[in-house]
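Comments concern the structure below.
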Amino acid sequence: MASWPLRIVLLSSTLILVRGRGVVLDSQGPVLISEPRSSVEFSNETGAMIHCSAQGSPLPRIDWLMGDGSPVLPIPHIREMLVNGSMYFLPFGAETYRHDVHSAVYRCQASNSVGRVLGREITVKAVVRQKYEVQVRDAYVLPGNTGVLRCEIPTFVKEYVAVTSWVRDSAYNIFPTPKSDDRHHMLPTGELLVFSVTSSDAQSSYRCRTVHRVTGDTVESSSYARLVVTDPHTPVPPRFNERVSPAPIRTGETIVLSCISQGIPPPMYLWFRESVTGTAMIFNSERIYTRAGVLVLQSARAEDAGRYVCHANNTAGSEMVELEVSIISSLSIHLVPQQVTVDLGKDAEFQCSVTGQPIPVIFWTKDGHPVGEGASGRSKITGNDGSTLRVSSVVRDDKGMYQCFAKNDYEMVQATAELRLGGECL
Ligand SMILES: *[C@@H]1O[C@H](CO)[C@@H](O)[C@H](O)[C@H]1NC(C)=O
Ligand SMILES: *[C@@H]1O[C@H](CO)[C@@H](O)[C@H](O)[C@H]1NC(C)=O
Ligand SMILES: *[C@@H]1O[C@H](CO)[C@@H](O)[C@H](O)[C@H]1NC(C)=O
């Protein structure tokens, strides 16, 4: 008897709601509303909790999958699956590090009676806290030229460790800045430049300081470096220290290009930008700062990608180097329609629009399974980049959740749409 009022409430909420002209079913497929970023790093000291949440009606259930689609299972003292949908990586000792857990690809899924959706692939990386040392070495420089000091970071921690500052003569701190001070410039990439070196600069000693971005450990170089100033007393044509293009840069970050060379007399530098419209000389401006073989371009934009050329010359000769800048801009994705009601036998079409760099590949799923590889022949992916999904002569099994995914080397994003059948008998 007591269940009567309850049943009435349930019936009225699961049947139909009539809103305006349309008839709207009070059920809704799952849509992910928050998921972790494409990359999650944590220290073995802290562990990490990662979370996915979804909306829909009935309220979707959240599960975690490995990158290959198999379910994620709890492992005592290592990995816990919490009832609220979070996954918890416990702090661990180096001896319990497990590659298949601590350096693996995960994704979440949300499902309810309407269908199933998948989250992006999340690369999880646990970092075991380890002691590391950094070193500095003497740098050779011709008088009047630019001296370059580098902080050498061991390869096993290189991807996590950044140079935070330099200390001259144990007293004077030099931090990264967009522009140089009078004599020094610490680049955002970690090198310390000393301009217009004279023999008196050989008196100073330099150390570097670093921080590990996951563990927070800070380490100062145990050794000191000096500038070794040698004067050959004869003209020397410019010779570049190195010819390396910078690593890909994210929009908003600072681009640093270096073509520092050594020569006597000290070389003069000119920078050019090459594009389809031709070659243009680069001058200092609000965003651009150049001095003695370095070009610093702040707040990088997608259109800053391309080829840059640096000329160095003096009376003894000249040299030229070409550097390539590539820009990463975050992906954004949009799928229309987000919800469509189609009568049996009619066609449905979804359009996925993606922006961002590098250009991602696009693929589609229905209820978490890949679509469009010709299986039924009725689902066709078209558009030169695969951005349109067309389902012809819709049948009952076509109802459910459709997703468009976009993936490049840096990121993965997804968008969700629901296909409902029209005139469906309740
Ligand atoms: C899930 O539960 C855990 C443990 O109770 C909690 O620490 C975590 O914050 C919860 N996650 C969310 C998103 O509420
Ligand atoms: C993390 O690893 C370090 C290095 O092996 C170890 O000293 C430390 O105890 C570990 N942390 C935990 C919480 O086990
Ligand atoms: C270096 O090149 C610039 C531009 O081409 C020129 O103006 C300058 O005279 C050159 N300097 C020397 C020392 O040749």
Side-chain angles (χ1 to χ4, degrees), residues 39-48 91-94 97 125-141 145-230 241-242 244 246-247 249-250 253-258 260 262 289 291-294 296 298:
S39 159
V40 171
E41 294 166 341
F42 65 92
S43 151
N44 75 306
E45 303 275 356
T46 58
F92 63 96
Y97 177 86
K125 238 183 198 176
V127 179
V128 175
R129 190 174 179 189
Q130 252 175 307
K131 245 179 117 83
Y132 69 94
E133 286 186 0
V134 296
Q135 288 202 339
V136 287
R137 258 180 237 279
D138 291 350
Y140 293 82
V141 52
N145 283 257
T146 306
V148 183
L149 291 162
R150 287 173 215 283
C151 192
E152 292 175 11
I153 298 161
T155 43
F156 73 94
V157 284
K158 206 172 174 85
E159 64 177 305
Y160 304 111
V161 173
V163 185
T164 49
S165 67
W166 285 82
V167 188
R168 192 189 67 186
D169 300 328
S170 305
Y172 177 62
N173 289 304
I174 305 157
F175 297 100
T177 47
K179 293 182 182 179
S180 64
D181 69 9
D182 192 26
R183 295 293 320 283
H184 298 93
H185 189 185
M186 180 182 161
L187 299 177
T189 39
E191 298 87 354
L192 177 68
L193 309 184
V194 185
F195 295 109
S196 311
V197 165
T198 64
S199 52
S200 68
D201 286 307
Q203 310 304 318
S204 289
S205 63
Y206 296 89
R207 297 173 84 173
C208 63
R209 287 184 176 152
T210 63
V211 66
H212 189 299
R213 90 166 172 258
V214 179
T215 63
D217 288 341
T218 58
V219 173
E220 186 168 309
S221 63
S222 46
S223 55
Y224 294 86
R226 289 177 190 279
L227 291 169
V228 181
V229 187
T230 51
N241 291 3
E242 56 174 26
V244 282
I249 288 141
R250 292 178 191 275
E253 291 183 349
T254 302
I255 301 171
V256 178
L257 300 179
S258 169
I260 292 169
Q262 304 286 321
Y289 173 78
R291 180 173 177 184
V294 218
V296 180
Q298 292 185 72

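- Of all the heavy atoms in V214 and S43, the pair that sits closest is CG1-N, 3.5 Å.
- Between Y140 and the options V228, L227, N145, a side-chain contact (heavy atoms from CB on, under 4.5 Å) holds for only V228.
- Note that the CZ atom of R291 and the NZ atom of K179 stand 12.0 Å from one another [nearest 0.5 Å].
- Minimum interatomic distance between V296 and P178 (heavy atoms only, all atoms of both residues): CG1-O, 3.7 Å.
- Between E133 atom CD and E220 atom CD the span is 12.5 Å, to the nearest 0.5 Å.
- For the pair V163/I153, a side-chain contact is recorded, criterion being any heavy-atom separation below 4.5 Å from C-beta on.
- A distance of 4.0 Å separates OG in S170 from OH in Y224, rounded to the nearest 0.5 Å.
- In this structure, R207 contributes its side chain and V136 its backbone to no donor-acceptor pair below 3.5 Å.
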*Given T198 and V229, is the side-chain contact (heavy atoms from CB on, under 4.5 Å) satisfied, shown in steps?*
CA-CA 7 Å; T198 64; V229 187; over 6 Å; no
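- Using modelled atom types and a 3.5 Å distance limit, the side chains of T189 and E191 yield a donor-acceptor pair.
- Scored by the side chain to side chain contact (heavy atoms under 4.5 Å, CB included) test, V40 finds P36, I50, I122, V124 as partners (sequence neighbours excluded).
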*Worked check of side-chain contact (heavy atoms from CB on, under 4.5 Å) between D217 and V161*: CA-CA 9 Å; D217 288 341; V161 173; over 6 Å; no
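- Ring planes of F92 and Y97: tilted class, angle from 30 to 60°.
- Distance check, rounded to the nearest 0.5 Å: CG of N241 to CZ of R150 gives 7.0 Å.
- Considering only residues two or more places apart in sequence or on other chains, R226 meets the salt bridge (charged side-chain N to carboxylate O under 4.0 Å, His left out) condition with none of them.
- Taken from OH in Y206 to CG in D169, the straight-line distance is 7.0 Å, to the nearest 0.5 Å.
- Proximity of a side-chain donor or acceptor of W166 to a complementary backbone N or O of G190 within less than 3.5 Å is detected.
- A heavy-atom distance below 4.5 Å is found between the side chains of H185 and T177.
- Listed for the T164 side chain is a donor-acceptor partner under 3.5 Å among the backbone atoms of R209.
- Although no hydrogens or angles enter the test, the distance criterion places no donor-acceptor pair under 3.5 Å between the side chain of N44 and the main chain of G93.
- Here OG of S204 is found 8.5 Å from CZ of R183. Values are rounded to the nearest 0.5 Å.
- Heavy atoms only, all atoms of each residue included: A94 and V128 are closest at CB-CG1, 3.8 Å.
- With 3.5 Å as the limit, one finds a donor-acceptor pair spanning the side chains of Y132 and T210.
- Listed here is the closest heavy atom pair of P188 and P176: CA-CB, 4.2 Å.
- V256 has its side chain within reach of V294: a pair of non-hydrogen atoms, C-beta onward, lies under 4.5 Å apart.
- Side chains of H212 and V127 form a contact here, defined as non-hydrogen atoms less than 4.5 Å apart.
- There is a side-chain donor-acceptor pair under 3.5 Å between S180 and Y289.
- A distance-only check finds a donor-acceptor pair linking the side chain of Q262 to the backbone of T146 [under 3.5 Å].
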